[in-house]
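Take a look at the structure set out below.
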Amino acid sequence: MEPLKFKTEWIEIGGASKEFVDFANQFGRVLKNGRLTSSQFRNFYSTLKTIEMKGFKNTKTKFYMLKPLLAYGQARHGSTGYGEFKKVMDQCLDFIMTAEEDQQEPYFKNFCRIVEAILAYHRAHGGN
């Protein structure tokens with residue numbers, strides 16, 4: 001099997017491809033097997049949803065704090081699953097942060113859908 005590789009183009013298109021769905025499925029399994037817990041995943045996800053509900057432009061500071069949140073989680077939990085999760089999330093956040101300002105909000109919304117798909121597969125594979 002080919003190693004998992006997240007493609008930032010999925011943020012541009014909202015993850016709408018078979019290739020992304022296959023990635024999300026495999027990545028959900030990797031996270032579960034690497035002992036990323038649902039509560040660790042949901043801690044990040046709940047912050048994402050708060051930003052989405054309050055509006056990206058209104059909560060940009062909270063958005064920029066996602067990377068330190070991930071770094072703290074990695075230092076605290078240290079599981080291989082959390083490390084893999086952090087690596088992919090950091091790649092996504094960096095892509096959004098460096099995008100043209102008018103693209104950041106749509107990319108963020110696409111990113112939220114991507115994280116939802118990964119969360120669903122993590123849970124489907126027995127993540128607890």
Side-chain angles (χ1 to χ4, degrees):
M1 182 188 297
E2 189 176 311
L4 294 177
K5 176 138 176 59
F6 184 86
K7 296 182 179 178
T8 53
E9 68 191 45
W10 295 331
I11 294 173
E12 295 175 287
I13 62 170
S17 72
K18 180 186 180 325
E19 184 182 34
F20 167 72
V21 172
D22 290 344
F23 169 85
N25 185 7
Q26 291 175 17
F27 192 54
R29 181 177 288 119
V30 165
L31 296 178
K32 183 259 180 194
N33 292 341
R35 293 187 186 57
L36 177 73
T37 67
S38 291
S39 64
Q40 292 164 352
F41 200 137
R42 288 195 175 276
N43 184 38
F44 178 81
Y45 182 68
S46 69
T47 304
L48 262 189
K49 292 306 284 183
T50 299
I51 295 167
E52 187 177 35
M53 287 182 346
K54 291 184 177 181
F56 179 79
K57 289 181 181 174
N58 299 329
T59 55
K60 229 173 185 180
T61 300
K62 199 168 193 80
F63 170 74
Y64 282 104
M65 293 304 293
L66 288 170
K67 284 189 73 161
L69 176 71
L70 288 165
Y72 172 76
Q74 175 62 37
R76 184 163 185 240
H77 303 292
S79 68
T80 57
Y82 203 99
E84 290 300 312
F85 179 69
K86 180 184 180 307
K87 186 174 14 174
V88 170
M89 294 302 106
D90 279 348
Q91 181 183 356
C92 295
L93 295 170
D94 287 341
F95 181 77
I96 296 167
M97 288 176 186
T98 59
E100 297 291 327
E101 193 163 338
D102 65 330
Q103 291 298 310
Q104 289 179 343
E105 187 166 10
Y107 287 177
F108 174 76
K109 288 180 181 186
N110 290 344
F111 171 61
C112 290
R113 301 299 77 75
I114 287 167
V115 173
E116 287 171 3
I118 295 167
L119 176 61
Y121 277 115
H122 175 260
R123 186 69 183 128
H125 290 298
N128 58 9

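These numbers were taken from a predicted model, which means no experiment stands behind them. Along the sequence shown, residues carry numbers from 1.
Side chain to side chain, His125 and Asn25 meet the donor-acceptor criterion of an N or O pair below 3.5 Å. In the model, Lys57 has no side-chain atom that pairs as donor or acceptor with a side-chain atom of Gln104 under 3.5 Å. The closest side-chain donor-acceptor pair between Gln26 and Tyr121, if any, does not fall under 3.5 angstrom.
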Practice prompt. Show your working on salt bridge (charged side-chain N to carboxylate O under 4.0 Å, His left out) between Glu12 and Lys7 and close with a plain yes or no.
Written response: CA-CA 10 Å; Glu12 295 175 287; Lys7 296 182 179 178; over 6 Å; no
Practice prompt. Would you sort out whether Glu52 and Arg113 count as a salt bridge (charged side-chain N to carboxylate O under 4.0 Å, His left out), showing the intermediate values?
Written response: CA-CA 11 Å; Glu52 187 177 35; Arg113 301 299 77 75; 2.7 Å; yes
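Annotation: Phe111 is not in aromatic contact with Trp10 [ring centroid separation under 6.0 Å not met].
Residues Ile96 and Phe63 approach most closely at CG2-CZ, 3.5 Å, considering heavy atoms. Of all the heavy atoms in Ile118 and Ala24, the pair that sits closest is CG1-CB, 4.1 Å.
Residues Lys86 and Met89 form no side-chain contact, since every pair of their non-hydrogen atoms from C-beta on lies 4.5 Å or further apart. Side-chain contact between Leu119 and Arg42: present, with at least one pair of heavy atoms (C-beta onward) separated by less than 4.5 Å. Residues Ile11 and Phe6 have side chains in contact (heavy-atom distance under 4.5 Å, counting atoms from C-beta outward). Proximity of Phe85 to Val30: side-chain heavy atoms (C-beta onward) are nowhere separated by under 4.5 Å. Between Leu31 and Tyr82, the closest side-chain pair of non-hydrogen atoms is not below 4.5 Å. At a threshold of 4.5 Å between non-hydrogen side-chain atoms, the residues Lys109 and Phe56 do not count as touching. Within the 4.5 Å cutoff, the side chain of Phe20 has no heavy atoms near those of the Ile13 side chain.
His122 places a side-chain N or O within 3.5 Å of a backbone atom of Leu36 that can act as its donor or acceptor partner. The backbone N or O of Thr37 lies less than 3.5 Å from a partner atom in the side chain of Gln40, making a donor-acceptor pair. In this structure a side-chain-to-backbone donor-acceptor pair under 3.5 Å is present from Ser38 to Gly127. With hydrogens and angles ignored, the 3.5 Å screen pairs a side-chain donor or acceptor of Asn58 with a backbone N or O of Lys54.
For Lys67, the side chain to side chain contact (heavy atoms under 4.5 Å, CB included) partners at least two apart in sequence or on another chain are Asp90, Leu93, Asp94, Met97.
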